[in-house]
Amino acid sequence: MSPRRTETGGRIDRLRTIRFTFDGAPYTGHAGDTLASALLANGVTLFGRSFKYHRPRGLLSAGVEEPNALVTVLRGEVREPNIPATMVEIYDGLVAVSQNRTPSLAWDIGAINQLGGKILSAGFYYKTFMGPVIGPLKGTRFWMFCEHFIRRAAGLGKAGTAPDPARYERMNAFCDVLVVGSGPAGLMAAKAAADQGARVILADLEAHFGGSANWSGETIDGMPAADWAQRMAAQLAGNDNVRLLPRTMVWGYYDGNTLAALERVTDHKEVAAKGEPRQRYWAIRAGTVVLATGSFERPLVFPGNDRPGVMLAHAAGRYVNEYGVLPGQRVALFTNNDSAYRSAVALKKAGAAVVAIIDVRSDISNEMRRLASDAEAELLAGHAVVATEGGKALTGLKVQRFDAMSGSLSGDERSIHADSLLMSGGWSPTIHLASQAGAKAEWDPARQAFLPPKPTQRWIGAGAFTGSFSTAEAIAEGRAAGLQAAGGTASSAPLPVVEAAPGDPDPAPVFEIRAKGKSFVDFQHDVTAEDVRLAHREGFVSVEHLKRYTTLGMATDQGKNSNVPGLAIMAEALGKPIPEVGTTRFRPPYTAVSIGSLAAERFGDLKPERLTPMHDWHIANGARMYSAGLWYRPMIYGLPGETVEQAYVREARATRDSAGIVDVSTLGKIAVQGPDAAEFLDRVYTNMFSTLAVGKARYGLMLREDGLAFDDGTTWRLGEQDFLMTTTTANAGKVMQHLEYFLDVIWPELKVTVTSVTDEWAGAAIGGPNARSILAACVTGTAVDNATLPFMGIVHGRIAGVPVMICRLSFSGEMAFEVYSGAGYGTRVWEALIEAGKPFGLVTYGLEALGTMRIEKGHVTGAEIDGRTTARDLHLDWMLSKKKPFIGSAMMDREGLIAPDRLELVGLIALDNRALNGGGHIVEELDEANPHDSIGHITACCYSPALGKYIALALVKGGKARHGTRAFVSDPLRNRFGPVEIVSNHFYDPDGSRMHG
């Protein structure tokens with residue numbers, strides 16, 4: 001038998017022995033144990049070292065809020081740090097190590113920091129190293145000297161560098177009701193909603209549903225509460241409209257009732273089953289959310305409250321009732337409320353000697369005196385713990401008389417021998433998700449806690465989350481919340497009957513016992529009560545400033561243990577009530593989330609991948625892909641042995657000789673609809689769109705408010721109040737933000753909606769002398785002749801039975817058409833076009849050929865619309881309407897934007913027949929040894945199959961006036977120097993005869 005394992009009790013499987021190691025030492029536990037409970041059962045009291053002072057630390061809690069026992073779990077060479085031992089389910093072969101210690105947990109040289117005293121107080125990193133003068137180390141030089149050592153000491157666990165071989169998944173889920181938390185309130189809410197026919201998701205971060213029912217020791221409907229919870233979960237599992245998500249932490253609440261969750265699928269397994277991911281990231285969109293997230297027991301703040309062996313009272317009750325583990329043999333309890341008395345009785349029944357219950361209150365109810373008697377504990381009413389004794393484990397404590405009204409101590413200290421001290425400072429509802437959803441928490445003076453804010457999204461609270469701490473209240477509120485969430489009416493069915501020990505959940509308003517010694521408020525960050533008062537003395541009176549200056553409640557803790565005690569001490573220092581001081585806003589994630597789960601199926605880079613509907617076809621047909629903005633697009637369709645240049649020259653030449661097709665699905669597409677859509681477009685674009693006929697498209701240019709060019713594209717009028725705007729691939733998101741800003745902020749009176757439909761449409765552009773003939777061979781339902789489909793005209797028809805929309809416009813300079821279909825039919829339409837084009841020698845071409853043809857034609861893209869150029873610089877001043885104002889019109893004629901020496905768009909021809917490079921500078925006089933006096937730079941370049949020369953587009957000072965003159969390219973980084981001729985940017989078909997046909 002393990003030193004602290006009880007002979008009976010708990011919900012572990014005592015017939016299954018699990019073997020694992022901690023800091024290299026072998027241990028055993030049982031199926032159902034956490035790493036924390038298994039180590040505690042083996043008599044381990046030292047679990048970690050504190051962040052700043054490297055003080056020895058033991059278990060404080062039994063759940064996700066654990067601040068001390070943070071460990072690193074090793075799987076081969078992969079290490080995952082900063083995991084609470086309370087959340088690690090043991091399995092055969094588990095390897096865990098402690099953190100933040102050198103050379104070992106028992107003998108940590110970092111403990112010398114405890115001698116630092118006030119040097120390491122709140123804000124020491126802001127003050128200590130900014131000014132001392134020590135020999136040559138003056139001012140910030142001392143900081144630079146210390147920085148290396150500070151960085152080595154900072155943090156807790158050490159991040160790994162080995163590649164993570166685990167697989168992760170991403171899931172999207174939709175439900176009518178999401179219930180967060182599966183305690184009695186959550187179970188009742190899920191059942192009530194499911195019985196109404198609602199689609200329900202029930203998520204809980206623990207491995208087993210039931211929450212507090214699994215360790216409360218209460219009776220529900222005549223059976224142990226844990227058995228009742230198991231029966232309820234089994235009933236829910238049998239419903240087709242219920243999805244159960246155990247081991248799933250809901251960690252973020254976002255707009256639109258969208259919540260983020262992390263499911264730990266195989267973290268508790270030695271070997272994952274075939275196809276199982278390690279973790280699964282859930283994005284859940286819920287009609288209504290029921291928050292039944294329970295509450296946290298708060299620690300009391302007194303000298304030595306962080307010593308190993310000092311634990312929260314409810315955590316001790318959980319270790320006994322759920323895991324069959326005693327926190328110690330001789331146990332004392334320190335409390336300001338009734339809940340600790342139930343833990344004392346549970347410990348006594350399990351075999352512990354309860355030597356004393358120290359209560360700051362003088363007036364103790366008869367029920368609590370009876371419970372103290374049942375626990376055979378000495379009751380010290382009107383007393384407080386003023387010190388603890390021991391090193392790496394608790395050996396005793398000291399108590400003294402205490403006046404809860406004045407906070408004063410009196411009389412002589414008394415020593416009590418104990419190896420475990422359990423404390424209870426009241427309860428704080430777990431309102432983190434509600435705080436993330438918006439609004440300000442509300443202080444309840446009776447509960448001495450912040451209760452949830454009034455909902456700003458569709459959520460309903462139940463149970464301890466609302467401050468209703470009894471199981472009977474939780475059950476009643478849970479059923480009511482589930483019915484309300486599902487749109488049901490009040491039920492007349494009897495509620496489950498609960499038998500529980502009596503107790504008043506309201507604590508005495510005592511948070512700190514002021515005595516000699518370090519009293520910790522935030523255990524994870526080593527923030528003491530004196531640190532909080534120091535912050536006040538130094539002028540940090542806002543709770544948000546207090547948080548950042550002292551690090552109180554930051555990082556993974558997010559105020560779970562420390563928030564209310566810290567605010568209470570701050571309020572006392574300010575001489576204000578706690579609600580006036582307020583509380584910080586809790587931020588996601590609720591607890592730490594692995595980066596692997598956020599990336600999910602994607603790995604290898606940090607950018608999201610966007611694939612066009614025809615992506616698989618491109619890969620199967622030899623396309624070489626690369627990223628263009630957020631998209632993956634074909635660069636070339638290379639033949640064996642071809643270089644990139646040879647491939648794009650072949651593709652461009654074939655397109656100009658006959659026909660070519662390119663995937664343009666990535667173009668930004670925005671639906672602009674409503675009675676004022678035409679007026680809105682007139683204001684957005686520099687040219688007129690209200691005069692555009694239905695069934696026609698027009699090229700448009702947008703300016704920023706400062707008069708500089710922003711984006712260009714075509715907009716199609718599909719109906720009187722229905723327009724389809726296209727944007728450049730790279731600027732799709734920025735244009736959407738631009739439009740939404742002006743509609744929401746500047747012109748809210750306009751009746752217009754804008755909707756991003758980029759991913760709804762697949763697009764193919766087919767161009768070249770035979771493009772029309774190819775379309776005629778495969779399009780049904782409409783003619784595509786010049787009369788029916790003139791330049792910038794739009795028709796609707798079918799290809800391969802798929803509805804398509806065709807617009808005649810060109811980016812290549814050839815007669816060309818853009819064919820749009822629903823994204824799901826993109827490949828089908830693409831293949832039909834290619835099949836129709838085979839008799840004409842149709843080629844597929846990629847971005848390199850597309851860029852080549854646009855350079856030859858002189859069209860601009862983001863390389864020229866770079867945030868510094870104007871419409872005049874790009875020779876697009878013909879698009880600046882004189883009949884109406886538009887965004888940027890008031891600023892576009894500023895002196896600096898019309899200066900004669902501005903950079904203007906030109907063409908360049910390499911006179912030495914060598915390739916040019918983007919970014920290369922243009923100079924009037926070549927000086928390879930000392931490059932200087934740049935008059936512009938190259939924006940895009942290629943080999944032109946139409947001209948048989950290397951050409952480029954460039955921005956050059958006074959560019960138009962330089963046509964026909966010579967200059968030099970000066971590119972010292974790539975050692976490229978040589979003569980160029982400056983010409984018009986329209987290299988090819990300047991009169992547009994090929995494009996207009």
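Values reported hereafter were calculated over all heavy atoms of this structure, with side chains retained and with hydrogens, waters and symmetry mates removed. Computed from a predicted structure; not experimentally measured.
Going from atom NE2 of H30 over to atom CG of D13 covers 8.5 Å, rounded to the nearest 0.5 Å. The CH2 atom of W459 lies 6.0 Å from the CG atom of L291; values are rounded to the nearest 0.5 Å. One finds the NE2 atom of H208 at 6.5 Å from the CD atom of E89 (value rounded to the nearest 0.5 Å). A distance of 13.5 Å separates OG in S597 from CH2 in W282, rounded to the nearest 0.5 Å. Interatomic distance, CG of L245 versus CZ of R264, reported as 12.0 Å (0.5 Å rounding). Considering CZ of F469 and CD of E297, their distance stands at 10.5 Å, rounded to 0.5 Å.
A donor-acceptor contact shorter than 3.5 Å is absent between the side chain of T288 and the backbone of R458. Remark: the backbone N or O of R447 is paired with a side-chain donor or acceptor of D444 at under 3.5 angstrom. Not one N or O on the side chain of N561 forms a donor-acceptor pair closer than 3.5 Å with the backbone of R298. In this structure, the side chain of Q436 engages the main chain of Y253 through a donor-acceptor pair within 3.5 Å. Counting only distance, with no hydrogens or angles, the side chain of Q484 and the backbone of A481 share no donor-acceptor pair below 3.5 Å. Using a distance-only test at 3.5 Å, with no hydrogens or angles considered, a donor-acceptor pair links the side chain of Q457 to the main chain of Y254. Within the 3.5 Å criterion, the main-chain N or O of F209 finds a donor-acceptor partner in the side chain of N214. Between the side chain of T758 and the backbone N or O of K669, at least one donor-acceptor pair lies under 3.5 Å. In this structure a side-chain-to-backbone donor-acceptor pair under 3.5 Å is present from N337 to S339. Listed for the T219 side chain is no donor-acceptor partner under 3.5 Å among the backbone atoms of A225.
Inter-residue side-chain proximity for L262 and Q279 is flagged as met; some heavy-atom pair is nearer than 4.5 Å. In this structure, L495 and M188 have side chains that are in contact, with non-hydrogen atoms separated by less than 4.5 Å. A 4.5 Å side-chain heavy-atom check between V804 and V829 finds at least one atom pair inside the cut-off. Residues D204 and P246 are not in side-chain contact: their nearest non-hydrogen atoms beyond the backbone lie 4.5 Å or more apart. In this structure, the side chains of R11 and D227 come closer than 4.5 Å at one or more pairs of heavy atoms. No side-chain heavy atom of R280 sits less than 4.5 Å from a side-chain heavy atom of Y168. Inter-residue side-chain proximity for W427 and H314 is flagged as met; some heavy-atom pair is nearer than 4.5 Å. You'll find the side chain of T471 reaches within 4.5 Å of the side chain of I220, heavy atoms only.
Applying the 6.0 Å contact sphere to CZ of R16 captures no more than 12 heavy atoms from other residues, nucleotides or ligands. Counting non-hydrogen atoms of neighbouring residues, nucleotides and ligands closer than 6.0 angstrom, the CG atom of D240 reaches no more than 12 such neighbours.
Closest non-hydrogen pair, S665 versus M614, comes out as OG-CE, 3.5 Å. Nearest heavy-atom pair across N241 and A198 is ND2-O, 2.8 Å. Here the closest heavy-atom approach between residue T430 and residue F465 is recorded as O-CD1, 3.3 Å. Considering every non-hydrogen atom in both E276 and T266, the closest pair reads OE1-CG2, 3.3 Å. Nearest heavy atoms, S61 versus T86: O-CG2, 3.5 Å. In terms of heavy-atom proximity, P84 sits nearest to V64 at CG-O, 4.3 Å.
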* Given ring-ring contact (aromatic ring centres under 6.0 Å, His included), test W761 with Y825 step by step and report yes or no. => CA-CA 9 Å; W761 293 96; Y825 295 98; over 10 Å; no
* Decide yes or no on salt bridge (charged side-chain N to carboxylate O under 4.0 Å, His left out) for E206 and R318, but give the supporting numbers first. => CA-CA 13 Å; E206 298 288 350; R318 181 174 179 181; 3.2 Å; yes
* Please lay out, stage by stage, how V752 and Q673 fare under the test side chain to side chain contact (heavy atoms under 4.5 Å, CB included). => CA-CA 6 Å; V752 181; Q673 299 166 316; over 6 Å; no
* To do: Tell me, with the steps shown, if L743 and L750 meet side chain to side chain contact (heavy atoms under 4.5 Å, CB included).
  => CA-CA 7 Å; L743 281 176; L750 291 183; 4.2 Å; yes
* To do: Test Y590 against H432 for ring-ring contact (aromatic ring centres under 6.0 Å, His included), laying out the working first.
  => CA-CA 7 Å; Y590 169 66; H432 294 65; 5.2 Å; yes
* M805/H796 under side chain to side chain contact (heavy atoms under 4.5 Å, CB included): CA gap, chis, key distance, verdict -> CA-CA 5 Å; M805 182 166 55; H796 296 266; 3.4 Å; yes
* Apply the test side chain to side chain contact (heavy atoms under 4.5 Å, CB included) to residues V672 and I670: give CA-CA distance (whole Å), side-chain angles for both, the deciding distance (0.1 Å), then the verdict. => CA-CA 6 Å; V672 183; I670 300 171; 4.2 Å; yes
* To do: Let me see the working for D759 and R610 under salt bridge (charged side-chain N to carboxylate O under 4.0 Å, His left out), right down to the final yes or no.
  => CA-CA 10 Å; D759 294 320; R610 297 185 72 180; 2.8 Å; yes
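Under the 30°/60° scheme for interplanar angles, the aromatic rings of F450 and W443 are found to stand perpendicular.
Checked for salt-bridge contact, E169 and R167 meet the test: a charged N lies under 4.0 Å from a carboxylate O.
Remark: K560 fails to qualify as a cation-pi partner of F586 under the 6.0 Å distance and 45° angle criteria applied to the six-membered ring. A cation-pi arrangement, defined by a distance under 6.0 Å to the six-membered ring centre and an angle within 45 degrees of its axis, is absent between K751 and F680.
The side-chain hydrogen bond (donor to acceptor under 3.5 Å, both in side chains) with D267 is formed by just one residue from the set R278, R247, R75; it is R278.
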